[in-house]
Amino acid sequence: MKTPLAAPRAPFSLRAPAKINWFLQIVGQRDDGYHNISSLMQCISLYDSLRFEHSDSLQIKSDLDIPPADNLVHKAASLLKKLASCRKGARIALRKRIPVSAGLGGGSSDAASTLTGLNILWGLNLTDIELSAIGAQIGSDVPFFFHCPLALVEGRGETVTPLRADSSAILLLIKPGVSVSTKWAYELYDASGFDQLTKKPIDIKLFCQAMERQDYAFLGEMRENNLEEVVADNHQIIREIKLKLTEQGAVISAMSGSGPTVFGVFKSRTMAERAAQAMKPEKGLIVTTLPSVEWKKRAVKSRKT
């Protein structure tokens, strides 16, 4: 998104999309304690909303009941203000729809949208590359949201290769009534003793070609999530949801990121709606993956309020 030359006077809003991980490979542990990964991420049609307006001080209003120090919107705003040596303030109102601690990247997306929104509000004229580098200091998934809607994410998360997405998939999201910390999930993986040196890299070109032709049988054979087994060992409900989604016709059933949200891919919305009914009492949400054309039209929406 191009930043306007003049900072807007009127309040405006941005939408922060959730994401899924089509695959997530852990390829090694880093000296800094983080992990090197290879993951294909794609935005989906589930959004938080952030409203920005001028203020004398930095004010964050949210429906999240967490301390400001743990709020990624607050972290992003404070860091940008410091790095840009900006004396301006802002009033940011966050409305959540993306579940927290769900493997859907809601906090990271909110942080990225905060950087984008304040860049506009304060007239900083920073590029997306510069904002992405700042975002990497906040969280590993934040840089991805400056390269939406589809990208290969490597390293700790700072190496992002944007890819074109022409097709869209219909997903049914099921988040069980548990929360999963990303840090906890990686600690479980490390403690499991899985061999990190024998993994065969996923051929991203073949994977994306299969996505475009919607060859889900081939995708199901290629995809993997190295965190899925260890998280599911501690939360059996994840395996139960995966199995039930498959029984209801999902052509792919997988955990996203560090979980615990499970997504099922369906060939039609009607099939997804029927599956959502069958999954009760678990609450399901039908979404679509965002293709590149739709992202340009919808993913970052600015409006006067």
Side-chain angles (χ1 to χ4, degrees), residues 17-28 35-46 103-105 108-109 128 132 140-141 143-173 196 198-229 242 245-246 248-259 261-272 275 286-300:
K19 60 81 182 170
I20 61 163
N21 299 72
W22 283 108
F23 63 77
L24 172 58
Q25 286 187 313
I26 302 171
V27 297
H35 295 76
N36 285 319
I37 66 166
S38 176
S39 184
L40 183 65
M41 299 184 186
Q42 187 166 12
C43 292
I44 58 176
S45 59
L46 172 63
L104 297 175
S108 296
S109 185
D128 279 350
S132 180
S140 297
D141 284 350
F144 161 73
F145 290 98
F146 293 99
H147 302 276
C148 298
L150 178 71
L152 177 66
V153 179
E154 298 173 294
R156 177 189 161 187
E158 77 283 2
T159 303
V160 185
T161 305
L163 301 167
R164 182 173 177 81
D166 292 321
S167 63
S168 180
I170 299 169
L171 311 180
L172 174 60
L173 304 181
Q196 300 177 357
T198 59
K199 294 187 178 68
K200 182 180 179 180
I202 291 177
D203 188 319
I204 187 62
K205 184 177 180 179
L206 286 179
F207 198 97
C208 289
Q209 288 174 347
M211 285 178 58
E212 291 306 316
R213 65 177 184 266
Q214 298 186 332
D215 186 348
Y216 295 118
F218 184 73
L219 288 177
E221 294 177 359
M222 289 187 70
R223 67 153 307 279
E224 64 177 321
N225 181 341
N226 293 152
L227 295 177
E228 187 175 296
E229 185 170 347
K242 284 188 60 182
L245 283 170
T246 300
Q248 293 302 315
V251 289
I252 290 178
S253 179
M255 188 181 82
S256 178
S258 57
T261 299
V262 176
F263 64 90
V265 182
F266 289 86
K267 292 184 177 180
S268 72
R269 187 174 185 89
T270 299
M271 292 180 66
I286 298 173
V287 300
T288 60
T289 57
L290 298 180
S292 300
V293 172
E294 186 173 351
W295 170 254
K296 292 178 181 179
K297 294 178 180 178
R298 297 177 54 193
V300 180

Between [X] and [Y], is there a donor-acceptor pair closer than 3.5 Å when you use the side chain of the first and the backbone of the second?
| X | Y | answer |
| --- | --- | --- |
| Asp141 | Ser108 | no |
| Thr288 | Ser45 | no |
| Ser109 | Pro17 | yes |

Discussion item. For Ser258, give me all partners under side-chain hydrogen bond (donor to acceptor under 3.5 Å, both in side chains), at least two apart in sequence or on another chain.
Written reply: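 Result, side-chain hydrogen bond (donor to acceptor under 3.5 Å, both in side chains) vs Ser258: Thr182.
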Practice prompt. Using the test side-chain hydrogen bond (donor to acceptor under 3.5 Å, both in side chains), find all partners of Ser168 that sit at least two apart in sequence or belong to another chain.
Written response: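 Not a single residue meets the side-chain hydrogen bond (donor to acceptor under 3.5 Å, both in side chains) criterion with Ser168.
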Between [X] and [Y], what is the shortest heavy-atom contact and its length?
| X | Y | answer |
| --- | --- | --- |
| Ser132 | His147 | OG-NE2, 3.9 Å |
| Val160 | Pro162 | O-CD, 3.5 Å |
| Arg164 | Leu150 | O-CD2, 3.8 Å |
| Glu228 | Arg223 | OE1-NH2, 4.0 Å |
| Ala210 | Phe218 | CB-CD2, 3.5 Å |
| Asn226 | Gln25 | OD1-CA, 3.2 Å |

Worksheet entry | Residue pairs involving residues 210-220 (criterion salt bridge (charged side-chain N to carboxylate O under 4.0 Å, His left out); sequence neighbours excluded) |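 Found Arg213-Asp215.
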Discussion item. Taking salt bridge (charged side-chain N to carboxylate O under 4.0 Å, His left out) as the cut-off, I'd like each qualifying pair that reaches into residues 148-160, sequence neighbours left out, listed once.
Written reply: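 Of all non-adjacent pairs touching residues 148-160, those that pass salt bridge (charged side-chain N to carboxylate O under 4.0 Å, His left out) are Arg30-Glu158.
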Partners meeting side chain to side chain contact (heavy atoms under 4.5 Å, CB included) with [X] (sequence neighbours left out):
| X | value |
| --- | --- |
| Pro149 | Cys43, Leu290, Ser292, Trp295 |
| Asn21 | Lys19, Ser39, Met41, Ser256 |
| Ala272 | Ile170, Phe266, Ile286 |

Worksheet item: Got a sec, which residues hit salt bridge (Lys or Arg N to Asp or Glu O under 4.0 Å) with Asp203, two or more places apart in sequence or on another chain?
Response: none
Worksheet entry | Residues that Tyr216 engages under ring-ring contact (aromatic ring centres under 6.0 Å, His included), provided they are two or more places apart |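 With neighbours one apart ignored, the set is empty.
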Worksheet item: Considering residues at least two apart in sequence or located in another chain, which fulfil the ring-ring contact (aromatic ring centres under 6.0 Å, His included) criterion with Phe263?
Response: Trp22
